[in-house]
Amino acid sequence: MGNSYDRLTDILVNQFEVRPEGIRPDATFEELELDSLFLVELTLVVKRDLDVEIDEDDATPRSTVADVVKLIEAQLDPAS
């Protein structure tokens, strides 16, 4: 989960002001107090920064950080 997890964590901390100590793979966006509007913005930032498209239906407030990392990794390395 390494690099993609770190990149997503950086985005959450630096652009969305999430406290780093609250971020863990099994944390939901709901637990991080991020709503569906945030998730729309997150998908745009991930597209811009990582050149990865995440469908809005795939990232919900109940999704975990690990769920979104898997979506990112699936596009960055389609062979895995």
Side-chain angles (χ1 to χ4, degrees):
M1 200 180 299
N3 194 30
S4 297
Y5 179 81
D6 293 340
R7 291 167 81 179
L8 182 59
T9 298
D10 286 344
I11 289 170
L12 291 170
V13 170
N14 297 320
Q15 298 191 37
F16 295 97
E17 300 178 359
V18 175
R19 292 186 342 267
E21 61 272 10
I23 301 172
R24 56 186 201 286
D26 65 337
T28 65
F29 291 104
E30 208 167 50
E31 291 172 336
L32 296 174
E33 298 179 11
L34 303 170
D35 61 14
S36 54
L37 182 60
F38 150 80
L39 289 166
V40 170
E41 193 174 342
L42 177 65
T43 61
L44 296 172
V45 171
V46 168
K47 168 82 171 131
R48 183 192 71 207
D49 292 0
L50 306 180
D51 198 29
V52 170
E53 288 202 45
I54 297 174
D55 192 290
E56 291 174 29
D57 296 334
D58 292 333
T60 70
R62 290 201 173 102
S63 298
T64 65
V65 172
D67 292 336
V68 173
V69 168
K70 286 178 194 164
L71 294 170
I72 292 169
E73 288 181 342
Q75 289 191 45
L76 290 177
D77 187 11
S80 61

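Side chains included, hydrogens not; waters and symmetry mates left out as well; all remaining heavy atoms used. Being a predicted model, the structure only gives us computed values, none of them experimental. All residue numbers in this chain count up from 1 along the given sequence.
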Asks: Take atom CZ in R19; do more than 12 heavy atoms of anything else shown fall under 6.0 Å from it?
Replies: no
Asks: Are L76 and L8 connected, step by step, through hydrophobic side chains (Ile, Leu, Val, Met, Phe, Trp, Tyr) whose heavy atoms are closer than 4.5 Å?
Replies: yes
Asks: Considering only heavy atoms from C-beta outward, does the side chain of Y5 approach that of I23 to under 4.5 Å?
Replies: yes
Asks: Say whether, by atom type as modelled, one donor and one acceptor occur between the side chain of D10 and the main chain of R7 under 3.5 angstrom.
Replies: no
Asks: Are side-chain heavy atoms of P20 and V13 found at a separation under 4.5 Å?
Replies: yes
Asks: Would you call F29 and D35 a side-chain contact if the rule is heavy atoms closer than 4.5 Å?
Replies: no
Asks: Between V18, T28, L39, which is the residue that forms a side chain to side chain contact (heavy atoms under 4.5 Å, CB included) with L34?
Replies: V18
Asks: Return the CG to CD1 distance between D51 and I72, rounded to the nearest 0.5 Å.
Replies: 12.0 Å
Asks: Looking only at non-hydrogen atoms, find the nearest pair between A27 and G22 and report the distance.
Replies: CB-O, 3.8 Å
Asks: Working to the nearest 0.5 angstrom, can you tell me the gap between K70 NZ and S4 OG?
Replies: 12.5 Å
Asks: Once you measure the plane-to-plane angle for F38 and F16, does it fall in the parallel (<30°), tilted (30-60°) or perpendicular (>60°) bin?
Replies: perpendicular
Asks: Check for me, please, whether L44 and I11 land in the same ILVMFWY cluster - side-chain distances under 4.5 Å, paths through other members count.
Replies: no
Asks: For S36 and P61, work out which heavy atoms get closest and say how close.
Replies: N-CG, 3.9 Å
Asks: Tell me yes or no: between the side chains of T64 and D67, is some donor less than 3.5 Å from an acceptor?
Replies: yes
Asks: Which value, rounded to the nearest 0.5 Å, describes the distance between T43 atom OG1 and D55 atom CG?
Replies: 8.5 Å
Asks: To the nearest 0.5 Å, how far apart are CD in Q75 and CG in L71?
Replies: 7.5 Å
Asks: Surrounding CD of E33 (heavy atoms of other residues, nucleotides or ligands, distance under 6.0 Å), is the total greater than 12?
Replies: no
Asks: Are D49 and Q15 linked by a side-chain donor-acceptor pair shorter than 3.5 Å?
Replies: yes
Asks: Do L32 and V65 have side-chain heavy atoms sitting under 4.5 Å apart?
Replies: yes
Asks: Taking atom CD of E53 and atom NZ of K47, what is their separation to the nearest 0.5 Å?
Replies: 4.0 Å
Asks: Walk me through whether R62 and E31 qualify under side-chain contact (heavy atoms from CB on, under 4.5 Å).
Replies: CA-CA 8 Å; R62 290 201 173 102; E31 291 172 336; over 6 Å; no
